[in-house]
Amino acid sequence: MALMTAEEYKAKLDDGRVVYYRGERIKNVATDPNISTCVNTMAVDYEMAHDPKYKDLALVDDPELGEPVSRYYYKPQSADDLLKAYDLIVTSTALADGYIPLAHDIGSDALNAITITAHMMGNQDYMDRAENFRRYLKKEDIASCAAVTCVKGDRMLRPSDQEQLHPDYYVRVVDKNNKGIVVRGAKVHITGAAYCQEIIAVPCRQMTEQDSDYAVSFAIPPNTKGITQVIRPFRSSLSSIEFPNERPLRMHTDSLIIFDDVFIPWERVFLCGEWKFAATMVYNFALMHRRTGCAYRVPLSEQLLGMAKAIADYNGVTKAAHVREKITDLIIYLETLKALSKAACYDFVRHGDMAVPNPVTTNIAKYHFAHNYHDVVKVIQDLSGGLLVTAPTFKDYQNPDTHDFIDKYLGAKKGVSTEQRLRMLDLIRRMTGADLETICLHGEGSPMAERMTIWMEGAKVMEQCKRLVEEMAGIK
Ligand SMILES: Cc1cc2nc3c(=O)[nH]c(=O)nc-3n(C[C@H](O)[C@H](O)[C@H](O)COP(=O)(O)OP(=O)(O)OC[C@H]3O[C@@H](n4cnc5c(N)ncnc54)[C@H](O)[C@@H]3O)c2cc1C
């Protein structure tokens, strides 16, 4: 099968999947008036693959299949491959106004983690299953998502210790036979699951022997019997009180996915009881996905810088010393993120037959982004002034009774129209709300998860530095 067009991708979504939104079951996600916006966002990946301007970036000639396939499913071999994948994520996110299309990237992060784990285990069966599954994704050009985060219950209790409430806070194997396994439990916050074609599930934490049933990884189509999704849109659409905008609206939904005794055939099982390797899989997923996450955030950081400069210019304050200081901080923020993300590709490590971005640099890049994000937002809100939340609405600007007053009194610097200023404030309000603040903090793991990885991965450097000063101090 050749690469899918956006229309072919959408047509395949009418497959009986069980998805609920606002208390009602959605008949077809691709045509539903609310969710189709998200489907169109994911479709950007398919549009790029057929666009002469982006084709070379979106696709790669696959030596095994002898045909072009999505770059995401291709196993990176070099720094150049990693940098091209980074460029692809930055470009597609910028094209979708700061929304990653998500058709292949997060799923490929899970797939790569599965492949690396199978190699580390030295388990030929799992290696073969992972390769067969990859071949299928490439050949059929499948849209996939990664279901990692379990609902988790009491965070301080291990999966097998949650029995006092119920044993299903982490997805687990409840039955096995010669054809496959049966899984029960729920994953949460899973972006794009409602309109992808494969859900790739990976454990979300390290496990002990008692947690063996919870050490499970698999892939399954969303319309499989026993799967129910309850979704919520990430960021609400343009409201009627904001200035209308002709650019296509971009959006995603995040799913609570319930696996109510779902059968998974063995060929789609990638971990089943090997508890020691649950940590390996989630660690490698986090590494891959944090690199992806840093690339998502480059266009967003550019937008943040742009908004700060625009509103400072419109308000006439750009020349003030403290404003220049604050905007300079935003330039440093953006350029540090770009430099660290690229450095992680150049300074890659090798796992099996795959080049993998440098773990320490990747985690520092992601931590830099998440840790400083709220300070960046603070600068923009500071420069915007109170009108950010008190400006009269578009409807009042339209009303002839009030239009001229608003136009006269809410102008600022000469040459900048009131409408221009109010439109920019609408955009800032949309781009700095709680949804984005939360994804920037928690997406790809909370900041503490990045710090823990930096501590673990930094152990060798720490010891070397300690040895260095011991030598300087004459300590043998
Ligand atoms: C918009 C959005 C999209 C997402 N998309 C996906 C997706 O597509 N796929 C996916 O798998 N996940 C996804 N995530 C999940 C994301 O990775 C998690 O939100 C993140 O890992 C944090 O987990 P949590 O939300 O359960 O928070 P919690 O685990 O409840 O964390 C809350 C706080 O508690 C702390 N904490 C938690 N456990 C412990 C502990 N044992 N000891 C000490 N401190 C602890 C954390 O450090 C944090 O400070 C998404 C999240 C968001 C917000």
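Numbering of ligands and ligand atoms starts at 1, following listing order. The basis for the numbers below is simple: all heavy atoms, side chains too, and nothing from hydrogens, waters or symmetry mates.
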In terms of side-chain heavy atoms, does T253 have a donor or acceptor partner in R232 at a distance below 3.5 Å? no
So, using salt bridge (Lys or Arg N to Asp or Glu O under 4.0 Å) as the criterion, who are the partners of D426 when residues are at least two apart? R429
Would Y46 and D141 count as having a side-chain donor-acceptor pair, cut-off 3.5 Å? no
Dump the pairs for me: ligand 1 N or O, protein N or O, distance under 3.5 Å, to 0.1 Å.
{"from": "ligand 1", "atom 1": "5 (N)", "to": "H189", "atom 2": "O", "distance (Å)": "2.8"}
{"from": "ligand 1", "atom 1": "5 (N)", "to": "T191", "atom 2": "OG1", "distance (Å)": "2.8"}
{"from": "ligand 1", "atom 1": "8 (O)", "to": "T191", "atom 2": "N", "distance (Å)": "3.0"}
{"from": "ligand 1", "atom 1": "8 (O)", "to": "T191", "atom 2": "OG1", "distance (Å)": "3.4"}
{"from": "ligand 1", "atom 1": "9 (N)", "to": "A146", "atom 2": "O", "distance (Å)": "3.0"}
{"from": "ligand 1", "atom 1": "11 (O)", "to": "V148", "atom 2": "N", "distance (Å)": "2.8"}
{"from": "ligand 1", "atom 1": "11 (O)", "to": "T149", "atom 2": "N", "distance (Å)": "2.9"}
{"from": "ligand 1", "atom 1": "11 (O)", "to": "T149", "atom 2": "OG1", "distance (Å)": "3.2"}
{"from": "ligand 1", "atom 1": "12 (N)", "to": "T149", "atom 2": "OG1", "distance (Å)": "2.8"}
{"from": "ligand 1", "atom 1": "23 (O)", "to": "K152", "atom 2": "NZ", "distance (Å)": "3.2"}
{"from": "ligand 1", "atom 1": "25 (O)", "to": "H189", "atom 2": "NE2", "distance (Å)": "3.0"}
{"from": "ligand 1", "atom 1": "26 (O)", "to": "K152", "atom 2": "NZ", "distance (Å)": "2.9"}
{"from": "ligand 1", "atom 1": "26 (O)", "to": "R155", "atom 2": "NH2", "distance (Å)": "3.1"}
{"from": "ligand 1", "atom 1": "29 (O)", "to": "K152", "atom 2": "NZ", "distance (Å)": "2.9"}
{"from": "ligand 1", "atom 1": "30 (O)", "to": "R155", "atom 2": "NE", "distance (Å)": "2.9"}
{"from": "ligand 1", "atom 1": "30 (O)", "to": "R155", "atom 2": "NH2", "distance (Å)": "3.1"}
{"from": "ligand 1", "atom 1": "41 (N)", "to": "R155", "atom 2": "O", "distance (Å)": "3.1"}
{"from": "ligand 1", "atom 1": "47 (O)", "to": "S446", "atom 2": "OG", "distance (Å)": "3.3"}

Salt bridge or not between E242 and R430? Use side-chain N to carboxylate O under 4.0 Å. yes
Which residues share a salt bridge (Lys or Arg N to Asp or Glu O under 4.0 Å) with D213, sequence neighbours left out: none
Across all chains, not counting sequence neighbours, the side chain to side chain donor-acceptor pair (under 3.5 Å) partners of H442 are none
